[in-house]
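Okay, so here's the structure we're looking at.
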Amino acid sequence: MTGLALSEPALQPERRSFASRIAPVTPVTASAAPALQLSGISLAFGGIRALKDVSFDVRPGEIRAVIGPNGAGKSSLVNVISGLYRADTGRIVLGGESFAHVPPGRLPGLGVARTFQNLALFPGLSVAENIASGLVFRRPAFAWLPFLPASRREGRATAIRVREIAAFLGLEAHLPRLVSTLPFGLQKQVELARAMIADPRLLLLDEPMAGLTGTEKAAMAAHIRAIRDRLGLSVILIEHDIGVVMGLSDRIVVLDHGEVIADGRPDEVRRDPEVIRAYLGPDAAPLAGAA
Amino acid sequence: MSLAVEAPARPLLTGQRLAILALLALAFLGVPAFASPWTIEAILLPFLALSLAGLGLNLLTGYAGQVSLGSAAFMAVGAYAAFNIQLRLGLPLPLTFLFASTTAAAVGVIFGLPSLRLKGFYLAVSTLAAQFFLQWLFNKFGWFSNYSASGVISAPVLGFAGITFDSRESRYLLALTTVTLITIFVHRLVNGPARINLIAVRDNETAAKVIGVPVLRTKLAAFALSSAIIGIAGVLWSFTYLRTIEPEGFNLDRSFQILFIAIIGGLATLRGAFLGAGLIVVFPLLLSRGSAWIFDGGLDAGSVQLTQRIVLGATIVTFLILEPNGLSSILDRVTARVRSLMGRT
Ligand SMILES: Nc1ncnc2c1ncn2[C@@H]1O[C@H](COP(=O)(O)OP(=O)(O)OP(=O)(O)O)[C@@H](O)[C@H]1O
Ligand SMILES: [Mg+2]
């Protein structure tokens, strides 16, 4: 069974793709080049300065949380990284290339996949087709035409991958259904599946747990951790639930009014007086409680 | 995408396939043998051409989500291209069809370029440019109509491999064969890998872009294919139904008619084009028969026509309010009902 690679326990974060399971795994070392480096990113909408000189990096295999109050600029940051917004200043280094603006169409090729704060699925397609859409970028030219052997081959290979991912996220039973008929929690998972199938090195998750029930949140958190552990990819995780963030992330960036006000390991950020003041107000209980 | 997970192995002859085969047998064998000349000339020939136009527009609007009000202009491009190819190059029929549709596709791509920037309502308005510009072009330059004094040209009889498509039945069979082949192609297309591209672009362009769906190429391909099909519909309209070509026959009214067909039939369904065209062609005929019977000549032709338009318009509006998903979804419900009744006995 091909999906086994996903359920093998892994001792440390490592890069393993669905496609190249036989390749030897190289353990990630701290000295490896960052999966993403942002330097001096600024972005303004008219008078609103959504991002002010934001710089940080994401290491391979790391879950990097971005937190901050509503309107802090978290989604804007993800939109800049994925090229939907054009930063006024700053550079984005991805896969060894430096960009002022990342062309969105190149994201899958650069190994970047994302989900959206508000669901961005294709309601007119089935769950299987929604997941498969994450692989369209790999399709050979003209393989969209019917009647071609290449199209058929590609379709079969895609179907196998869709099944693997669906099995991993427990979506198998829903594959033939129209995605819009699924409950919200499952739709969030389909969006994650669509991002995962592209075999990214960097996953951008904009509030993947927003609107989920407690059980669903726990399941989603487990999925995110499993994806990182078993595929060794890096994750940028935007999330409001401090408990989830503290438990899941390796390092946390705190944004407030578009500015990075803290950056470090969860225990460092939790104690940071600036964060407590700006982000939580005088009541620091939730942070302490999340330890 | 023909994902194995999505389409479990089905028996070769499902009820739906049997129904389609029976319908095709009736259309290919029954109609030429038994249908009255009036049925073929007044109903089936315009029905086939308009169904094909509706199918072409549905590919663009229903599947790829790009609104167009220029369908009639692309029909005109197909018709005039076919006329000039026959007149000046004398190419065999299949090549005439091929080049006429290629011409329409090229023009479609040009007028599809604004779709790279414009959406929805704004795009619809920009496709009006195609409608007005092309109609003006065919009126203005006599070359297109071989300098015919009236601007109305009679379409030459099509022929291929010793067959001339002159008789009513042969024109009908030519149109039917063309429509059948193109419908099969479109069916395979929209249920094949291209389905994801088209619907992704329609449903969420931003998401489509970041997962690497070639949004611009998909839109232009949709414009090209849709215009090619509508161009062929124009050839059928002029060469098998009217047997004349004039710019007035391809005016904005016709574009709206095709849009109605696509919407009333049901967007993003193939049979919707046929159901919609059936309604648009047959309903006015029924109305005129009905009004002739009710008023018995008591109304002048002008008011009869006006009444018909009002009734047709009111029907469309009522219908869209009651069933926004079109005739196709009504048919779905009817067949589900019939099935459950049959299952019970
Ligand atoms: N497309 C846009 N046009 C204008 N202003 C925008 C746009 N996107 C974001 N903004 C503004 O930029 C600021 C940051 O918004 P952003 O959505 O990035 O915040 P956020 O941290 O994701 O908030 P939330 O937790 O509510 O999702 C806000 O003031 C917002 O109004
Ligand atoms: Mg946000």
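Just so you know, these numbers come straight off a predicted model, no measurement behind them. All values below come from the heavy atoms of this structure, side chains included, with hydrogens, waters and symmetry mates left out. Order of the sequence lines sets the chain letters (A, B, ...), proteins ahead of strands, with each chain counted from 1.
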pair A:Val136-B:Ile211: side-chain heavy atoms closer than 4.5 Å: no
Do A:Arg139 and B:Asn197 have side-chain heavy atoms sitting under 4.5 Å apart? yes
Cut-off 4.5 Å, heavy atoms of chain A, and the answer for B:Arg217 is neither
Checking B:Leu225 against chain A: side chain, backbone, both or neither under 4.5 Å from a heavy atom? side chain
Would you say [X] has more than 12 foreign heavy atoms packed within less than 6.0 Å of its [atom1]?
X        : atom1 : result
B:Arg333 : CZ    : yes
B:Phe121 : CZ    : no
B:Tyr122 : OH    : no
B:His187 : NE2   : no

What pair of heavy atoms forms the shortest contact from [X] to [Y], and how long is it?
X        : Y        : value
A:Ala120 : B:Ala207 : O-CB, 3.4 Å
B:Ile196 : A:Ala132 : CD1-CB, 3.9 Å
B:Asp203 : A:Leu125 : OD2-N, 4.4 Å

Please output the residues of residues 203-212 of chain A in contact with chain B, using a heavy-atom cutoff of under 4.5 Å, in numerical order. none
Which bit of A:Leu121 comes within less than 4.5 Å of chain B, counting heavy atoms only: side chain, backbone, both or neither? backbone
Any donor and acceptor pair, going by atom type alone, linking the side chain of B:Asn204 with main-chain N or O of A:Phe122 inside 3.5 Å? no
Flag, side chain of A:Arg106 to backbone of B:Gly212, donor-acceptor distance under 3.5 Å: no
To the nearest 0.5 Å, atom OG of A:Ser82 lies from atom NZ of B:Lys209 at 10.0 Å
